[in-house]
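To find a chain, count down the sequence lines: A is the first, B the second, and so on, and within it residues start at 1. Side chains are part of it too, since the values below use all heavy atoms of this structure and drop only hydrogens, waters and symmetry mates.
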Amino acid sequence: MRFQAPRGTADVVPADSFKWQRIESVFREVVRLYGYYELRTPTFEDTELFTRTAGETSDIVTKQMYTFMDKGDRSITLKPEGTAPAMRALLEHNLCPTGAVARLSYVTPIFRYERPQKGRLREAHQVGFELVGSSSPLADAEVIEITMKFYQELGIAGTVAMINSLGRESCRQQFREAILTSTAAYLADQPLEFQEKVRKNPLRLLDSKDPSAQEAIKSVPPITNYLEGESRARFDKIQELLTDANVPYQLSPEVVRGLDYYTETVFEVQSTSLGAQSALCGGGRYDNLIAELGGPATPSVGVAMGIERAIIVMDDAGLWPNGNEPDVFVIQATDQAQTECQRLARNLRQSGLVTLFDIDSRSMKSQLRQADKSGAPIALILGEDELAKGTVQVKRLGSSEQFEIPISDVVAKVLELK
RNA sequence: GCGGGUAUAGCUCAGGGGUUAGAGCGCCUGACUGUGGCUCAGGAGGCCGCGGGUUCGAGACCCGCUAUCCGCCCCA
């Protein structure tokens, strides 16, 4: 019996791990510039944290959570998303005292029991950040701007922030009714279960890919028609801010998000490389979430970006300039030089140079082949002759250039050439 | 949760009832002394996804399972 990774999970093998490291480091750097600090929360939480916040009708809560009873008869759930746990921790540690603003970032696995597909796993990973405590449209714009900067830094070209506004509760109420009336004929022909779902949350109908649903939706006026004074003003202001910041965006009335805690602003970034899973990230404002968790009313906005999905897009576009090539390969031309080769390698590493060496003392031909394969730009050759003279052969791989220098100059030379 | 495709070497894939299962790429070794890439020669590496069935005989046909991919649903 050979084991394999559980369905919907994936190993990150050494040949790919640099991609994860790159995405995470770009994320940390971008977010750092705006003053966000990392928050780490547990892998599992009380189940109720998610049922209370994500929405009882949402698919995540109704059928996608990894929920189990622990040995103390507590209902536990592996976190299906990052925002609710972050807000729970924020309250628990009073990270955002009343009147203050907090900026938090996180890198986390998320778990959803779904049928796996390309870009859709049961254990996936997200990077995300939250701007807590401000109702200013500048907060919405900041979050969207950072998100787009992140994708730009990764080199993902042509991305556009697809933005929409769900308005405040009263706007949504009117809009829900408008959806139900204008799609009544279509709905009547649908399965009862589906009708029920739409009645509970009509917004769900909007991002359906079913052609007949899309046809029916055409008669629904955009939700932004229903935005009342303050919501309207906020949405306009956000657009103005994004335009000023040179952030590419488009108004996208079909973007409504699958988590019920969103209010006012919602947005996504999509990519065609992802097939049926078109969303690269999703975010928005959640002004009621913290109060829902028992905290003071705290307007907040945030976003979560899929790491695996970013990797798919970057693979597709060939955006990985270099992997993890070593700087230099040390080659022992004769066995007698082994100790000296080891010393040399140690010195190189002391100076921060990634240095490889064939520990199996294979033939020189083999060592050179390995050096070539490794992608190192330089090979250093050291044998009896060089030992006697106190020198080293420096070979530039990729050309046939080779020269001899005193061993004492080697580190400086490699630093210069690499 | 529903529908469809696929599963053979590390990778991409051929073989469609009949001896010891193949190719390309990759890997290892060698082609006079201590020199890579190109070329040539040799070699290693397969429970043909797992379990059952049909058959004189199954990698191939049938059933179940598992995994994966695509679509629906949903979303990162």
Side-chain angles (χ1 to χ4, degrees), chain A residues 1-10 13 15 23 54 57-64 79-83 107-128 147 191 193-194 197 201 204-205 207-213 255-259 268-271 274-283 303-313 329 331-337 358 360 362-387 393-402:
Chain A
M1 165 84 190
R2 302 221 10 208
F3 289 104
Q4 50 186 207
R7 176 160 211 210
T9 67
V13 296
I23 285 176
T57 60
S58 70
D59 277 37
I60 288 180
V61 168
T62 54
K63 43 191 191 192
Q64 297 180 347
K79 57 179 159 182
E81 62 109 10
T83 301
V107 179
T108 183
I110 59 161
F111 305 87
R112 293 182 196 171
Y113 193 87
E114 296 190 87
R115 184 128 170 194
Q117 273 180 39
K118 181 178 195 168
R120 191 171 82 181
L121 296 163
R122 289 182 173 180
E123 179 183 25
H125 296 79
Q126 295 183 337
V127 294
T147 301
E193 198 183 327
F194 185 75
K197 173 174 154 180
N201 194 343
R204 287 282 141 68
L205 198 55
D207 56 3
S208 172
K209 283 171 196 150
D210 177 52
S212 61
V255 170
V256 294
R257 312 296 311 148
L259 294 161
E268 278 181 18
V269 174
Q270 300 190 352
S271 166
L274 296 170
Q277 277 61 243
S278 49
L280 212 41
C281 71
V303 62
M305 300 164 277
I307 296 180
E308 286 88 347
R309 290 188 183 181
I311 289 175
I312 289 171
V313 173
F329 203 109
I331 289 171
Q332 67 174 58
T334 58
D335 291 345
Q336 289 82 347
D358 173 34
D360 287 325
R362 281 187 269 202
S363 71
M364 187 159 164
K365 186 185 288 284
S366 169
Q367 292 183 61
L368 267 163
R369 269 201 273 257
Q370 289 176 64
D372 193 49
K373 256 185 337 196
S374 76
I378 299 162
L380 299 175
I381 303 168
L382 183 50
E384 274 172 282
D385 297 351
E386 290 78 13
L387 218 50
Q393 301 283 345
V394 178
K395 188 178 190 68
R396 305 194 71 168
L397 300 162
S399 70
S400 46
E401 189 188 346
Q402 180 173 332

Is the shortest side-chain heavy-atom distance between [X] and [Y] below 4.5 Å?
X	Y	value
A:I23	A:M305	no
A:R120	A:R115	yes
A:Q332	A:Q367	yes
A:K118	A:L274	no
A:K395	A:L368	yes
A:F111	A:P80	no
A:R7	A:T9	no
A:R112	A:E123	no

Distance check, [atom1] atoms only: [N] and [M], in whole angstrom units.
N	M	atom1	value
B:U6	B:G49	C1'	11 Å
B:G4	B:A60	C1'	22 Å
B:G24	B:U8	C1'	15 Å
B:A23	B:C65	C1'	32 Å
B:A58	B:C74	P	48 Å
B:G51	B:A7	C1'	15 Å
B:G59	B:C50	C1'	14 Å
B:G45	B:C32	C1'	31 Å

| message | Give me the atom names and distance for the closest heavy-atom approach of A:G8 to A:P116. | response |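 Distance-wise, the nearest heavy atoms are CA-CG, 3.8 Å.
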
| request: Please identify each residue that fulfils side chain to side chain donor-acceptor pair (under 3.5 Å) with A:E114, with sequence neighbours left out. | output: A:Q64

| Sequence neighbours excluded, which residues qualify as side chain to side chain donor-acceptor pair (under 3.5 Å) partners of A:D358? |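 Not a single residue meets the side chain to side chain donor-acceptor pair (under 3.5 Å) criterion with A:D358.
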
| message | Regarding A:Q393 and A:E386, do their side chains bring together a donor and an acceptor under 3.5 Å, going by distance alone? | response |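 Side chains of A:Q393 and A:E386: pair found under 3.5 Å.
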
| query | Pick one: which of A:V303, A:T147, A:V255, A:L280 meets side-chain contact (heavy atoms from CB on, under 4.5 Å) with A:E268? | reply |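 Checked A:V303, A:T147, A:V255, A:L280 against A:E268; only one passes side-chain contact (heavy atoms from CB on, under 4.5 Å): A:V255.
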
| Taking syn as any angle within 90 degrees of 0 and anti as the rest, which one fits B:G22? |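 This nucleotide is in anti.
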
| remark: Reading nucleotides 32-43 of chain B from 5' to 3' and marking B where a protein heavy atom lies under 4.0 Å of the base, S where only the sugar-phosphate is that close, and - otherwise, the string is --BBBB------

| If the sugar-phosphate is the primed atoms plus P, OP1 and OP2 and the base is the rest, what is the B/S/- string for nucleotides 66-74 of chain B, using protein heavy atoms under 4.0 Å? | SSSSSBBBB

| note | Assign each of A:E123 and A:R362 the nucleotide of RNA chain B bearing its closest heavy atom; nearer the 5' end lies the nucleotide of A:R362

| field | RNA chain B base-pair string [pairs: Watson-Crick or G-U under 3.5 Å; |: paired with another strand] | value | (((((((..((((....[...)))).(((((.......))))).....(((((..]....))))))))))))....

| query | NA contact type, A:A371, heavy-atom cut-off 4.0 Å: base, sugar-phosphate, or nothing? | reply |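 Here A:A371 touches no strand at all.
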
| Honestly, is A:R122 close enough over A:Y113, meaning NZ or CZ under 6.0 Å from the six-membered ring centre and within 45° of the axis? |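 Pair A:R122/A:Y113 counts as cation-pi.
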
With the criterion being N/O to N/O and under 3.5 Å, what pairs connect the protein with nucleotides 8-11 of chain B, and how long is each?
none

